[in-house]
Structures are given as C-alpha cells and as structure tokens.
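Every value quoted in this text rests on a predicted model; they were computed, and no experiment measured them. Protein chains get the first letters and strands the later ones, always in sequence-line order, with residue 1 at the start of each. Side-chain atoms are counted along with the backbone in the values below, which use heavy atoms only and exclude waters and symmetry mates.
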Number of protein chains: 2
Amino acid sequence: MSELQPRAAPAPLPLAARSLPMVLRTEIEKLILRGELPTGERLNENFLAERFKVSRGPVREAFRALVEAGLLEFVPNRGVFVRQISLAEAIATYEVRAGVFAHAGRLAAARVQDGEIHRLRSFVEHMDECISRKDGAGYYALNLQLHDQILFATRNSRLITTYMGLIKELHRFRAKNIDRPEHLRVSNAEHAEMVEAIAARDELRAYEAHYRHVMNAKGRVLEVFGKRDA
Amino acid sequence: MSELQPRAAPAPLPLAARSLPMVLRTEIEKLILRGELPTGERLNENFLAERFKVSRGPVREAFRALVEAGLLEFVPNRGVFVRQISLAEAIATYEVRAGVFAHAGRLAAARVQDGEIHRLRSFVEHMDECISRKDGAGYYALNLQLHDQILFATRNSRLITTYMGLIKELHRFRAKNIDRPEHLRVSNAEHAEMVEAIAARDELRAYEAHYRHVMNAKGRVLEVFGKRDA
DNA sequence: GGCTTGTTTATTGTTGACAGTTTAGGGGCG
DNA sequence: CGCCCCTAAACTGTCAACAATAAACAAGCC
C-alpha cells in the first residue's frame, strides 16, 4: 500500500491548521459548550450549512470530529445529536477526570517552579475574597485559571489535552453550583491543600489532595442532579 | 437556533452504530495499528476511496475522526499523514497513561470481585510460564488480556475508552521489546505486585504498583528508542 | 552549475445533485 | 375515538464534477 506514496515528509504542521471543516468543528463546539445548542438537540446539516454559508460536506466532516470528541452522538440515517450524557456516564467521567487531575497534581508537585507557587497561592487568596463578597462569577473565572495553572505546571501538553477533553464532556454539569456559598468554602479549602502540597513538592500528598477535590466535586454534582436524572 | 428543531429525543444509540464513514474509520485505524500504513505516510483520498469502492466523501469523514483520535495528522491542502509521534510526545503520553492506569488499579482494588482475583493471578502465572519457554508472542497476548481484565474490574467504561485511546497513539512504541527476556521478568514481577495489591484491596498500594509499572515501561521504551529518535 | 520562475500535473477543497431512509400528516377502518 | 396504513415532505447518505491549491518539472537567467 505504501508503494503508491513513497515520497517523504510528514509536514511542518502549522499548529494552527485552519480549514473549513476545522473552523466549523470549533464553532459548533463553542455553540455546544455555551449551551446555545441544547443537550439532546438534533443538528440539521442543511441548517448549519446555510448558517455558516457552506455546503453540507464540511459540516458533516466537522460532525465526525465532534462525535469522536464525545460531544455529539451519531445515529445512522437520523443524524447527530448534542450528546445527552447520563448521570451514570457523568460519574464515570468524573472518576476518570479525578485520576487525570490527581496525576496532574503529582506531576505539578514534582515540576513546579518557584515563581509559579506564588501565583498558585494568590489564586486561592483571591478566590477567598470572591467568596467573601459573594462574587460567584469571579470565583468561577479564577477557579478555571487555577486549574489551568496547575495543569501548566505539569509541563505535559498531552495531559492537558486529555483533561480538557474530559472537561468538555462534562460541560452540562459544571458551574451549576455557583450559587452555593457553602460549597465554595469547602472547595477553596481543598484548593489551599492542593496548592500547599504542590508547594511542599510532596507528590503523594498532592495526588491525594487533587484526587479528593474532584471526587468531592463529583459528590456535589450528585447532590444537585441526584434524583432528577437517571 | 434550537427553535428550528424543537422535536424531541436523542436516540436509542445502537452502540454498534455502523455507517460507511464509521466502517472506514475502523478499517483505516486497523491498517495504522497493524503497521500496514507506515508512520509518516501520506494517505491519498482517491486511492483509499478506490480501494474500498466508495467515494471520497466518506473517506474524508473517516479521516476527520481519526485526526481527532490522534492517529492522523492534518495539513491543509496537503492531506492527512499517519501521525509521526516524536519520542518527547510519546513520553508525555506514557505519563498520562501511567496516571490513568494507576487510577484503574486503584478503582480495581476497590471494586474487584472475588472471582476475578483468581483470573488475574492465573494470568501472571501463565505469563511466567511463557517466559520460561521463551514464548514472547504468548506473553504479549496474555499481557494484553491482563491489562484488559484490570480495566474491566474498574467498572468504568469511560476509563477504558480513555486508556484505549492513549494506547492506540503509542502503537509504534509497543511490543518492540518482546525479544528482551530480562525485561519480561521484571515486567511480570511488577504484574504480580499489581495483582496482589488489587487482591488485598489496598487502593493506594495498587495505585503505586500500576503507576510504577507504566513508568518503568516508559523507561524501557526510552532504552530502546533512546538515542535514535528526537 | 545553481537558482529562480513559469507551466503542468496531481491532489485536496467544495459544491450541487440524486438515491435511500426516516419522519410527519392524513385518510380509512375497526 | 383510536389505530393502522399509506402518501408526502424532510433529511441523511453517497456520489461525481468543478474549483483551488500545492507539488513536480522544465526552461530561462545570473
């Protein structure tokens, strides 16, 4: 099979590989993550093609990528649907996320640089302030940044993409408990322990702290969505 | 946007959702994993379309899915290439795999059923026998089964798909050290520790045993590929 | 001779059309 | 009134043709 293309070279990889299907993939992903495409909704190829002023081909290609990413569900001869993740699936995904994030904590503890520790601690402090002035949105934004900073400290981009992929699948269950101050206090206490474990460069302690943080988050989600969904 | 399709129902999801692009996706994946499509090779749409007796459309859709899965690389206006994973990327992926697999070990220790423990132990025994009679292929097959069995014991299908996805990316670096008996002895000793930790239902011990197993495997790969690649 | 430039060829990017399937609606019948 | 079947519309699945881009090659210039 390879004899047909004996020529060489993989490619320079512009890293920002843009093309119509790729752009569509990103745009549709945004729509899903922002909740503009409700969970369970069927996506009409013609409609999206018209909206983006393209033909159906590129739209279908974008669909295939998002199915692989776990954001869409594919049903033969019926089309694709915004994936309706069940509570059971969400729990399973939270568990995987816990394992990955705990591992991130461990690697961060091993590889964090001195300057980063200060940043991590200041995030926790600012989040405490947000709680005091009941600024849920501010807390949420800082929370994302803190997690990003921890992931960055691992110096492992593959770990980051894996984690981000899991997060995207869980979008429906995220940020629903902004309005629960008691949760935020607990959550930020966990952050403090995570950061201090990293600062102490104690790998196993960081692992456990991060692990429990996500598992507790899972528990909080279960409280909120508990009886409603399956 | 959602008002255009107010109608209901996500779908039953046949789980074996077959369609031309999906079949192609699977077939091309097999070709890659079996090494019939060399790493770095450029995939010609016309050629594959002709080979599978279909048009280019479904082939392109299959490509997009495999790009998302990390098996193909996409370069605008040039096509897709079998992803040439660098040693640095492989190391990063091995680290993620270690975190995920260690987590699997932890969950397995928490959830393994009595009957499964016997199966796990017998795998290790049979692999020891394979080493004695220098049956590398047999060892390799049993090795896969043991890992599958551990993953199954987690009762978390999302964890399994995540792990499998990582494994596929590493196909180029796997099973290259079959012919190194000294590695097999070490490796199977690690297996024994993993299984005993699970049998003892000691979560943290299982976590560490699985973690070290993959990290050591990473080290062995580095020995083999060390200076050659970047 | 080596480098640049123009031309040809191969391959990807995109589109519109057609076939097959599913869904929705409207009688007809129990 | 409710159920079933039949028909029509809508949508997905697939394909083949056309446009655009990039690689390969040849000729010309320094």
Side-chain angles (χ1 to χ4, degrees), chain A residues 1-28 37 40-68 72-83, chain B residues 1-14 16-28 37 40-68 71-83:
Chain A
M1 163 159 274
S2 59
E3 62 276 13
L4 274 205
Q5 290 299 129
R7 105 175 72 125
L13 181 66
L15 200 54
R18 291 282 154 237
S19 87
L20 235 170
M22 290 304 186
V23 172
L24 287 174
R25 185 214 164 283
T26 307
E27 288 305 314
I28 297 172
L37 292 174
E41 168 134 334
R42 176 175 178 177
L43 268 56
N44 186 307
E45 293 179 4
N46 276 313
F47 176 66
L48 283 171
E50 225 170 287
R51 178 189 165 100
F52 290 109
K53 297 280 194 291
V54 295
S55 149
R56 283 173 48 216
V59 173
R60 285 176 63 88
E61 293 180 30
F63 281 179
R64 278 334 192 299
L66 289 170
V67 166
E68 191 75 24
L72 293 181
E73 220 161 319
F74 171 76
V75 181
N77 292 318
R78 299 240 350 245
V80 295
F81 300 79
V82 179
R83 187 165 163 221
Chain B
M1 164 160 273
S2 59
E3 62 277 12
L4 273 206
Q5 291 298 127
R7 102 175 75 123
L13 181 68
R18 289 286 154 235
S19 87
L20 234 170
M22 292 301 186
V23 172
L24 287 174
R25 184 212 165 283
T26 307
E27 289 305 314
I28 297 172
L37 292 174
E41 167 133 336
R42 174 174 179 178
L43 269 54
N44 186 307
E45 293 179 4
N46 278 313
F47 176 67
L48 282 171
E50 225 170 288
R51 177 190 164 101
F52 290 109
K53 297 280 194 292
V54 295
S55 149
R56 284 172 49 216
V59 173
R60 284 176 64 87
E61 293 181 29
F63 281 178
R64 278 340 195 295
L66 289 169
V67 167
E68 190 74 25
L71 290 181
L72 293 181
E73 219 161 320
F74 170 76
V75 181
N77 291 318
R78 296 234 2 238
V80 295
F81 300 77
V82 180
R83 187 167 162 221

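To the nearest 0.5 Å, atom CZ of residue A/Phe52 and atom CG of residue A/Leu24 are 6.0 Å apart. To the nearest 0.5 Å, the span separating CG on B/Leu72 from CZ on B/Arg64 amounts to 10.5 Å.
Look at CG on A/Leu24: it is 9 Å from P on C/dT14, rounded to the nearest Å. Distance, A/Glu50 CD to C/dT15 C1': 14 Å, rounded to whole Å. Summarising the geometry, the separation between CZ on B/Phe63 and C1' on C/dG13 is reported as 14 Å, rounded to the nearest angstrom. Computed from coordinates, the A/Arg78 CZ to D/dC11 P distance equals 13 Å when rounded to whole Å. What separates CG of A/Leu43 from P of D/dT12 is a distance of 9 Å, to the nearest Å. Distance A/Leu48 CG to C/dT15 P: 14 Å, rounded to the nearest Å. Atom C1' of nucleotide C/dA17 and atom CD of A/Glu45 are separated by 15 Å, given to the nearest angstrom.
Legend: residues meeting side-chain hydrogen bond (donor to acceptor under 3.5 Å, both in side chains) with B/Glu27, ordered by chain and number and at least two apart, are B/Lys30. Residues meeting the side-chain hydrogen bond (donor to acceptor under 3.5 Å, both in side chains) test with B/Arg60, sequence neighbours left out: A/Glu61, B/Glu45. Under the side-chain contact (heavy atoms from CB on, under 4.5 Å) criterion, A/Asn46 pairs with A/Asn44, A/Arg56, not counting sequence neighbours.
Phosphate contact (OP1/OP2 of D/dC11, side-chain N/O of A/Asn44, threshold under 4.0 Å): present.
B/Arg42 places a side-chain N or O within 3.5 Å of a backbone atom of B/Arg78 that can act as its donor or acceptor partner.
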Determine, for nucleotides 14-21 of chain D in 5'-to-3' order, which nucleotides have protein heavy atoms under 4.0 Å from the base (write B), from only the sugar-phosphate (write S), or from neither (write -). BBBB---S

